[in-house]
Amino acid sequence: MRWSKTFIPTMKENPSDAEIPSHQLMLRAGLIRQLMAGAYTYLPLGWRSVRKAEAIVRDEMDRAGAIELFMPALQPIDLFEKTGRKEAFGKVLINFQVQRGDRLVHLALGPTHEEVVTDLIGRHLNSYRQLPICVYQIQTKFRNEERPRFGVLRTSEFLMKDAYSFGTSLEQLNEVYDRMYHAYCRIFARCGLKYLPVEAESGPIGGDASHEFMVPANNGEDRIVHCPACSYAANLERAETGRKPAVIQTSPTAAALAKVSTPGAASIEQVSRMLKCPPAQLIKTLIYLADGRAMAVLIRGDHEANEAKVRRALNAGTLELADEKMVRQVTNAPVGFAGPVGIKCPILADHDVAGIVDAVTGANEADTHLTGVNAGRDYEVETTYDLRMAQSQDPCPRCQGTLDLVHGIEVGHVFKLGTKYSVALGAEFLDEKEQRHPMIMGCYGIGINRIVASLAETSFDENGLIWPLAIAPYEVLVIPLNVSEPETMAVAERFYAELQQAGVDVLLDDRDARAGFKFKDADLIGIPLRIVIGGKGLKEGHVELRWRWDAAATKIPVDAAIATVKTMLAQRKAQEAEKVPA
RNA sequence: CGGGGCGUAGCUCAGCUUGGCUAGAGCGUCUGGUUUGGGACCAGAAGGCCGCAGGUUCAAAUCCUGUCGCCCCGACCA
């Protein structure tokens, strides 16, 4: 492509409403333009990168045995009512009524396609002989994001690869799941991303039923813990810690229990300020309803409870914070003054709670707290549990290492669904014994735009983007220094034609602009290999080749240049391919 | 949905506090010339419903009310 014939609106200055690198660079490099909050146009350069990511995803899905199809974004609302997801999605589901003849049709724009695909497969596949099957599509999804942000990272309309597997058994599910997991590793590696598969909340099936694929990035919205020693990784909701149950014994130096008046101080922060003690000295007493029964959960004041862990520790089906009435019932006090001493419900304590000497807790009495509270003496717990969110520096649950807390961008998710949708929509099969069973499903998503955005977010320098060969809009950029010099242009045109013939994605900067100007643009849009033609170099018979990530260019004789470029590209591709798991 | 910020030229922003002549600058664009290896220089030009609506006033980019949009923090995110 000739630069003068395409559309690459680069910008020297940062638009004021872009704050994170990927957003700024994608705008400045002419990859995207915003239409409204949460909706972006992909300009020619950006779209080429998206298409390359899409091609890699498609290639690997096919390789993993998934079958491509294409479902409508328009869906009847009834399907979402049948699965209960109209309520579950709430306002996120874009849906509306349209007039059709004399009636109204209620439609939704697909936020994902479990309903449609389950309905489809359930209608047409009925026998265990036809299973397992895994289908996928690459398609625009719609979600009315409450708060779109970070440029293209969180939008209301986005390109997603979504795959769905249907099988007759958990074994079949696990087999597809593993294949998808492996395909995902290959996809992200081929895209040149540094990625981390992390354990995620797994819903009804339990176990290792869900993994998110994360790209570590400072501006990522998700938080993940990661052990550099053993590569354990999990998202924050899921992350275990390697802390051990505390030995419950009262310190010999323990102070006496004392009541203090704390009028109006109902939060950790208020109490800590009023009593001039650090939050870590306080015990947060949260009253939960576990399957309808009240339960006091003790967490150190500076920590955050993890409800999923509490639910697992209790083996409870449902867990919710108790309302004010229930809190009054078990504590005889308004919300904010609960404590373990004398409380009228069972107690569940986090590991870090029992070791606090002379803790401060609510006194189960309005406007009053207790000091000198010690486990074993003032309240009883048999053992302690891992009930809080993991933190940086926590011990690793799998090895002797310590955990890091990093931010990440979720680019993919594999999930064992089970039978939730097949039961709701009647997708059943007959087994060998002519018995009817719901199909066992898995779903597997990849945010295509996020692949491109997370590269932009993690691969750049002060001059602009740095694309890996696999996702770069063009592989090679040919820059004639001076387009009005016939000798220069003759070489540039020849290179351009020969590279095109060789199947190389090449962009020719044929603009009549100064060299420095072209160099700045070249660095900004980040094409991996740059060929500079003209000036003294050409008179001496050579051109310059430079990788975007290298500091200096190499001089190559004009006649050897094309062969060298081909070799360099081949070598680089081989290098990038080395990182892809077999 | 709670909190905060911002809407003036394609982009970045000044002007608004304390109302007053024809609304400014830099970058970009166009024309001509000089230049030509890291976003050049000179001369000239075009480009504005000062987000929108209403109000106050002799007079509004500026003050008031409403509204729309965008950004950020938080809540939310199968």
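Naming convention: chains lettered A, B, ... in sequence-line order (proteins, then strands); numbering from 1 in each chain.
- As the counterpart of B/rC11, B/rG26 is assigned, both hydrogen-bonding distances of the Watson-Crick or G-U wobble pattern falling under 3.5 Å.
- A/Ala37 comes within contact range of the sugar-phosphate backbone alone, with a heavy-atom separation under 4.0 Å but no base atom that close.
- Across all strands shown, B/rC42 is found opposite B/rG32 as a Watson-Crick or G-U wobble partner, with both distances under 3.5 Å.
- Among A/Val506, A/Leu529, A/Leu507, the one residue that satisfies the side-chain contact (heavy atoms from CB on, under 4.5 Å) test with A/Leu499 is A/Val506.
- When the C1' atom is compared between B/rC13 and B/rU56, the two are found 30 Å apart, to the nearest whole Å.
- Here, B/rU67 and B/rG2 have their P atoms 13 Å apart, quoted to the whole Å.
- Here B/rG19 sits opposite no nucleotide as a Watson-Crick or G-U wobble pair (both hydrogen-bonding atom distances under 3.5 Å).
- Minimum atom distance to the side chain of A/Arg147 is reached by B/rG74, of the listed B/rG74, B/rC71, B/rA78.
- Atom NZ of A/Lys520 is separated from atom P of B/rU36 by 20 Å (rounded to the nearest Å).
- Comparing B/rG39, B/rU35, B/rC70 by their closest approach to the side chain of A/Arg514 singles out B/rU35.
- Here A/Thr488 contributes atom OG1 and A/Ile479 contributes atom CD1; the two are 13.0 Å apart, rounded to the nearest 0.5 Å.
- Taking atom C1' on both B/rG44 and B/rG66, the two are 45 Å apart, rounded to the nearest angstrom.
- Atom CD of A/Glu19 is separated from atom P of B/rC73 by 7 Å (rounded to the nearest Å).
- The shortest distance between side-chain heavy atoms of A/Leu236 and A/Ile224 does not fall below 4.5 Å.
- We find that A/Glu237 and A/Arg223 are not joined by a salt bridge, their nearest charged nitrogen and carboxylate oxygen being 4.0 Å or further apart.
- For A/Leu524, whose side chain is taken as the heavy atoms from C-beta onward, the closest listed nucleotide among B/rG39, B/rG37, B/rC71 is B/rG39.
- If you take CG of A/Asn482 and P of B/rA40, they are 15 Å apart, rounded to a whole angstrom.
- The listed nucleotides are B/rA78, B/rC70, B/rC73; the one nearest the side chain of A/Phe150 is B/rC73.
- Between A/Arg149 and the phosphate of B/rC70, there is no side-chain N or O to OP1/OP2 separation shorter than 4.0 Å.
- You'll find a donor-acceptor pair under 3.5 Å spanning the side chain of A/Asp521 and the base of B/rG39, going by distance alone.
- With sequence neighbours excluded, the residues forming a side chain to side chain donor-acceptor pair (under 3.5 Å) with A/Glu175 are A/Arg179, listed by chain and number.
- Cation-pi geometry between A/Lys416 and A/Tyr177 is met: the NZ or CZ atom falls under 6.0 Å from the ring centre, inside 45° of the normal.
- Across B/rC58 and B/rC42, the matching C1' atoms stand 46 Å from one another, rounded to whole Å.
- Atom CG of A/Asn235 is separated from atom P of B/rA78 by 11 Å (rounded to the nearest Å).
- Taking atom CD of A/Glu145 as the reference point, atom P of B/rA75 lies 15 Å away to the nearest angstrom.
- The pairing partner recorded for B/rC76 is none, the criterion being a Watson-Crick or G-U wobble arrangement whose two distances lie under 3.5 angstrom.
- Comparing B/rG38, B/rC27, B/rC76 by their nearest atom to the side chain of A/Glu146 picks out B/rC76.
- Across B/rG38 and B/rA43, the matching C1' atoms stand 26 Å from one another, rounded to whole Å.
- A/Arg530 forms a cation-pi arrangement with A/Phe519, by the criterion of a distance under 6.0 Å to the ring centre and an angle within 45° of the ring axis.
- Note on A/Gly90: nothing from the nucleic acid sits closer than 4.0 angstrom, heavy atoms only.
- When the C1' atom is compared between B/rA46 and B/rG32, the two are found 15 Å apart, to the nearest whole Å.
- Here the separation of B/rC16 from B/rC6, taken at their P atoms, is 14 Å to the nearest Å.
- Comparing the P positions of B/rU29 and B/rG69 gives an interatomic distance of 33 Å, to the nearest angstrom.
- Under the Watson-Crick or G-U wobble criterion, with both distances below 3.5 Å, B/rG69 is paired with B/rC6.
- When each of B/rG38, B/rA78, B/rG37 is scored by its nearest atom to the side-chain atoms of A/Arg85, the top-ranked nucleotide is B/rA78.
- Across all strands shown, B/rA59 remains unpaired; no Watson-Crick or G-U wobble contact has both distances below 3.5 Å.
- Ranking B/rG39, B/rA78, B/rC70 by closeness to the A/Met36 side chain, first place goes to B/rC70.
- A side-chain N or O of A/Ser267 and one of A/Gln270 form a donor-acceptor pair less than 3.5 Å apart.
- At whole-Å resolution of the value, CZ in A/Arg511 and P in B/rG28 are 13 Å apart.
- Among the nucleotides B/rA78, B/rC72, B/rG38, the one closest to any side-chain atom of A/Asp523 is B/rG38.
- Between the CD1 atom of A/Ile8 and the P atom of B/rG28 there is a distance of 19 Å, given to the nearest Å.
- Rounding to whole angstrom units, CZ of residue A/Arg546 and C1' of B/rG38 are separated by 10 Å.
- Between A/Phe415 and A/Tyr444, a ring centre-to-centre spacing not shorter than 6.0 Å is recorded.
- By the neighbour-count criterion of 12 heavy atoms within 6.0 Å, atom CG of A/Asp461 is densely surrounded, having more than that number from other residues, nucleotides or ligands.
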Output one line per pair: protein atom, nucleotide atom from nucleotides 4-12 of chain B, and distance, for all N/O pairs under 3.5 Å.
from   : atom 1 : to      : atom 2 : distance (Å)
B/rC11 : O2     : A/Glu13 : OE1    : 3.2
B/rU12 : OP1    : A/Ser16 : N      : 2.5
B/rU12 : OP1    : A/Ser16 : OG     : 3.3

